[in-house]
Amino acid sequence: MRVSPDLMSDVAEVLLSEEQIAAKVAEMGARISADYEGRELTLVSVLKGSLPFMADLMRRITLPLRIDLMEVSSYGGATTESSGLVRILKDLSAPIEGRDVLLVEDIIDTGLTLNYLMRYLRGKNPHSIKICTLLDKPARRLVEIPLDYVGFEIPDAFVVGYGLDFGEVYRNLRFVGVLRPEAYES
Ligand code: 5GP
């Protein structure tokens, strides 16, 4: 993998600009605040990709809320894509029993990770659990899960930026973009 020192040289196309993302996150925060009016929320997000979205979204929600973070990894690359087996690297730090939980995701692709997480979190007996994702790539879905809040539907392309990585790099781009093919090579 070869990363350009300025990162931008590796970007073929900006799919969603910083301004578009900010406007959408504000809109989502307002909707969530209205939908949960009078209640307290627990936002659960999944490291590392959801970090910028979580940080921005929580500040657009006007309700009392708590946050918790999980980290998951797939069991061994390609096999996991089809099996949906997920390993928990970091678990919740507080119980969610009886709480209204909103799972905050960066992107839903096949839906396998989400499917695992939803079953895991439901097993902890929250009062309610809904899903909020910034990006949705419906073309590659293998498990149908109703999504409650979706920022943008995007085409079937591998995207980076605003938390999303390629080889752990590019997470700090302020927009969501598509890499040049050369960035994938070697
Ligand atoms: P799923 O289990 O829905 O197939 O995959 C979810 C995870 O795969 C996401 O949380 C993300 O880490 C990764 N992923 C899926 N699509 C993309 C993409 O286009 N770009 C990046 N950087 N990661 C992706």
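Residues: numbered from 1 along the sequence shown. Values below: every heavy atom of this structure, side chains too, minus hydrogens, waters and symmetry copies. When a ligand or atom number is given, it counts from 1 through the structure's own listing order.
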Using heavy atoms and a threshold below 4.0 Å, how should the contact between Lys137 and ligand 1 be classified: side chain, backbone, both, or neither? side chain
Below 4.0 angstrom from a heavy atom of Thr113, which ligand 1 atoms are there? Numbered from 1 as shown, please. 1 (P), 2 (O), 5 (O), 6 (C)
Would you call the rings of Tyr149 and Tyr36 parallel, tilted or perpendicular if under 30° counts as parallel and over 60° as perpendicular? tilted
For ligand 1, is Val159 a contact, meaning one of its heavy atoms is under 4.0 Å away? yes
Non-hydrogen atom of Phe166 closer than 4.0 Å to ligand 1: no
Flag Gly111 as yes when one of its N or O atoms lies below 3.5 Å from any N or O atom of ligand 1, and as no otherwise. yes
Within the side chain of Lys124, is there an N or O that forms a donor-acceptor pair under 3.5 Å with the backbone of Pro95? no
May I ask you to say whether Glu40 pairs ionically with Arg99, meaning some side-chain N is under 4.0 Å from a carboxylate O? yes
Which value, rounded to the nearest 0.5 Å, describes the distance between Asp68 atom CG and Leu103 atom CG? 11.5 Å
Same cluster or not: Val178 versus Val14, using hydrophobic residues (I, L, V, M, F, W, Y) connected whenever any side-chain heavy atoms lie under 4.5 Å apart? no
Find all atoms of ligand 1 within a distance of less than 4.0 Å from any non-hydrogen atom belonging to Asp165, and give their numbers and elements. 21 (C), 22 (N)
Applying side-chain hydrogen bond (donor to acceptor under 3.5 Å, both in side chains) to Tyr120 and Asn115, what does each step give before you reach the verdict? CA-CA 9 Å; Tyr120 180 78; Asn115 189 43; over 6 Å; no
So is Ala157 in contact with ligand 1, going by heavy-atom distances below 4.0 Å? yes
Spell out, as yes or no, whether a donor-acceptor pair under 3.5 Å connects the side chain of Thr62 to the backbone of Ser33. no
Using heavy atoms and a threshold below 4.0 Å, how should the contact between Asp106 and ligand 1 be classified: side chain, backbone, both, or neither? side chain
State if Leu112 counts as touching ligand 1 under the rule of any non-hydrogen atom under 4.0 Å. yes
